[in-house]
Amino acid sequence: MSVLQSYIAGKWLGETPAKALPSAINGDTVAHTHEETIDFAQAVDYARSTGVKSLLALDFQQRAAILKELAIYIQGRKEELYATSYHTGCTKADSWIDIDGGFGTLFAYASTGRKELPSGNVAHEGPVTQLGKDNHFNGTHILVPRRGVSVHINAFNFPIWGMLEKFAPAFLAGMPCIFKPATATSYLTEAAVRVMNDSGLLPEGALQLIIGGTGDLLDRLEEQDFVTFTGSASTALKLKSHPNIMARSIPFNAEADSLNSAIMAPDVTPEDDEFDIFAKEVAKEMTAKAGQKCTAIRRVLVPAEHLDALAERLKQRLSKIAFGNPAADGVRMGALASHDQLRDVTAAIDRLLETSECAYGRTEGLRPTGEGVENGAFIAPHLLVSRNPLNDGGAHDIEAFGPVATLMPYNGIDEALTIAAKGKGSLVTTLTTKDPAIAAEMIPVLAAQHGRLQILNAEASKESTGHGSPLPMLKHGGPGRAGGGEELGGIRSVHHYLQRTAIQGSPTMVAAVTREYVRGATVIENDIHPFRRHFDDLQVGESLLTHRRTVTEADIVNFGCLSGDHFYMHFDAIAAKETQFGQRIAHGYFVLSAAAGLFVYAGEGPVLANYGIDTLRFINPVVAGDTIRARLTCKRKIDQGRTSPEGHPQGVVMWDVAVTNQNGELVASYDILTLVAKRQ
């Protein structure tokens, strides 16, 4: 049998077999862990020196580009990962969640990085705040790489997605990763790491893998490091309270098991489409990954008068779900990940039955389908009923991490909210309702104890990604029992791995650090119009102060007639006189258009397109007789590696525009985004 290897300090370690890891399907040994001891001092030193150095030799944009190429490479080799995933007990649909969900997350973060991070390793988190009366002293925030190592201790249920959803934001943030997968399914994580290494895309030291225990790893971490954990609440508490983590205030993010709910609102009846939609969602979440998802529905809250109807509807659905060997035709639910997991789930069901009854699961004839399943870790779906859900304990405290859910009747919205809160903090709850007023009443209350909430009705069901599907652009995590952590959430998760620091100084100094123009900073002026300069040649701070234009009454009338905007403040002198302005004023969008006429270079040049305006504000009114001018300044350059449809390279430039009147007062302020051609 093969021996799994750790990947430490750029080398594969392990030749001597240790613990056998059986297939969840047939019990045959898939692989062994290795007996060799890992030198964790070497692993951490390698990450700090080689890993940090190679990652910070690249910038945010370059690391985002690598994530995209890595996702493409893994996608091209996913079938071999599917073959290995089979032994974890997964159906093809289950493996799709783990494998395709994994490289899909890389794609998502590649896109996020390209759109939202600069060409450098300093991210400016504005706005800039003026701290002095005459704008000689400013303050703002920057986000910079921590220059440490990120350690990720993962659960058994998602050997690939669980790794990649943490790797993507940490990699973007410039942190080398050390992954410790759960031993039971570590053979699939090891296979994925080998694919990633084969790509040749990873900078040296960016990724290390531990097969087996973590030894003294946590003792060797320092203040700049980061630790994440996914798994049980009890293990999360043990790790979080590690003396070194506490003494050094090392950031620790936990995503723990949670007793998630699905709530059928009182307005839904058995005759409604939403009733079937709700039943389908519950059955799907019970059986996907054989219920081994931290987001799976564990508690099903239903109006008391519909309890029996829902139980019957669920039993009908569950009876049609064949479980067994995923290779067998018609099988829709595979095995638990290991025999240890089977023992844990069986024991948890026995404890749950002390406060509930079994509506489906422990009946004759429920046997796994397919060949070679005698030694597999199979269990039938179990639907329980708790008749007294207002009592503490039972399904409010015990999680059977498998295809198990408990029905709970309630009377009235307040009682439903009380029962849901007994989970003591959850990752996700789904509320199924037809009534927006009920959603508006319940969701704000539920939000206090949940990381994510899905509102499900007939319309949403047409495109819903499901109760149990964390998405890269939305937060994953929850308060209380769910761990109190936060993962994913788009750019937010990248920021978790960066150090946020406040900086103060003159506008010119702040601009130098942030690599963004700040109002009041020294500008670069020359005889060449900024719009005539290619992306490669343009410097942040290059600026144009335009000639002047006096606004006339004819301008206001003509713009109103052209745009159709005859708002009284522009045309009714009597009504305007009674306002705070005391007279008619020019349209804000006229000022915007007039400013463009002042600063735009009319001839052909490297500026290809204006594709957006940000932070637009009209500060002071402009009236007939005022004279305006504009200052156009290169604020930020982002080299996203863009090319035109014809293949011509281009970059993104943000321009700061300040429009002032004859008194030097700011009348309009905004940023323009443009595509600018490169020389090459």
Side-chain angles (χ1 to χ4, degrees), residues 21-30 78-102 156-161 184-185 187-188 191 276 279-298 313-346 349 358-384 400-405 465-469:
L21 303 180
S23 166
I25 301 299
N26 54 31
D28 293 345
T29 298
V30 178
K78 69 177 184 178
E79 292 303 325
E80 60 192 85
L81 297 176
Y82 270 88
T84 303
S85 179
Y86 164 82
H87 290 290
T88 69
C90 286
T91 65
K92 190 71 176 285
D94 295 336
S95 294
W96 182 91
I97 298 170
D98 189 29
I99 298 168
D100 293 62
F156 66 84
N157 52 338
F158 288 103
I160 294 179
W161 177 84
T185 55
Y187 52 85
L188 182 53
D276 259 339
K280 180 179 180 181
E281 190 78 355
V282 171
K284 181 180 72 173
E285 288 300 318
M286 286 180 65
T287 55
K289 289 283 290 184
Q292 299 169 111
K293 298 198 309 184
C294 55
T295 54
I297 294 170
R298 305 299 180 195
R313 199 77 58 97
L314 284 171
K315 286 191 285 185
Q316 290 173 7
R317 285 189 170 274
L318 293 173
S319 66
K320 297 176 182 177
I321 296 175
F323 70 99
N325 190 330
D329 290 341
V331 167
R332 292 169 54 193
M333 190 181 88
L336 298 177
S338 67
H339 283 86
D340 287 342
Q341 182 64 12
L342 177 60
R343 283 188 288 272
D344 288 346
V345 171
T346 302
I349 292 172
C358 185
Y360 180 87
R362 294 199 166 187
T363 58
E364 293 299 321
L366 292 176
R367 296 290 183 267
T369 299
E371 297 180 359
V373 296
E374 294 78 12
N375 296 318
F378 296 99
I379 190 170
H382 278 63
L383 181 66
L384 311 182
F401 202 72
V404 183
T465 52
H467 165 100
S469 300

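Qualifying side chain to side chain donor-acceptor pair (under 3.5 Å) partners for Asp94, counting only residues two or more places apart in sequence or in other chains: Thr91.
Atom-to-atom distance recorded for Arg332:CZ and Lys284:NZ is 11.5 Å, nearest 0.5 angstrom. From Met286, atom CE reaches atom CG of Leu314 across 7.5 Å, with rounding to the nearest 0.5 Å. Atoms NE2 and CG, on His87 and Leu188 in that order, are 10.5 Å from each other to the nearest 0.5 Å. Residue Ser85 holds its OG atom at 4.5 Å from CD1 of Ile99, rounded to the nearest 0.5 Å. Taken from CD1 in Ile160 to CG in Leu81, the straight-line distance is 4.5 Å, to the nearest 0.5 Å. The CZ atom of Phe378 sits 9.0 Å away from atom CE of Met333, with the distance rounded to the nearest 0.5 Å.
Note on ring orientation: taking the six-membered ring where Trp is involved, the planes of Phe401 and Phe156 are perpendicular (angle over 60°, cut-offs 30° and 60°).
A donor-acceptor pair is defined here as one N or O able to donate and one able to accept, closer than 3.5 Å; such a pair exists between the side chain of Asn157 and the backbone of Gln292. The main-chain N or O of Thr346 is never found under 3.5 Å from a side-chain atom of His382 such that the two would form a donor-acceptor pair. Between the side chain of Asp28 and the backbone N or O of Ser23 there is no donor-acceptor pair closer than 3.5 Å.
The shortest side-chain heavy-atom distance between Thr88 and Phe158 does not fall under the 4.5 Å cut-off. Residues Ser319 and Tyr360 form a side-chain contact, since some pair of their non-hydrogen atoms from C-beta on lies under 4.5 Å apart. No side-chain heavy atom of Trp161 sits less than 4.5 Å from a side-chain heavy atom of Ile97. Residues Asn325 and Pro368 form no side-chain contact, since every pair of their non-hydrogen atoms from C-beta on lies 4.5 Å or further apart. The shortest side-chain heavy-atom distance between Ile379 and Phe323 does not fall under the 4.5 Å cut-off. Contact of the Leu336 side chain with the Pro403 side chain is registered, since non-hydrogen atoms from C-beta on lie closer than 4.5 Å. Annotation: side chain of Thr295 is not in contact with side chain of Ser469 (no heavy-atom distance under 4.5 Å).
Of the options Lys293, His467, Arg298, a side chain to side chain donor-acceptor pair (under 3.5 Å) to Glu285 is made by Lys293 and by none of the others.
Counted within 6.0 Å of CD on Glu371, heavy atoms from surrounding residues, nucleotides or ligands total 12 or fewer; the atom is thus considered open.
The two residues Gly330 and Ala322 come nearest to each other via the heavy atoms O-CB, 3.6 Å.
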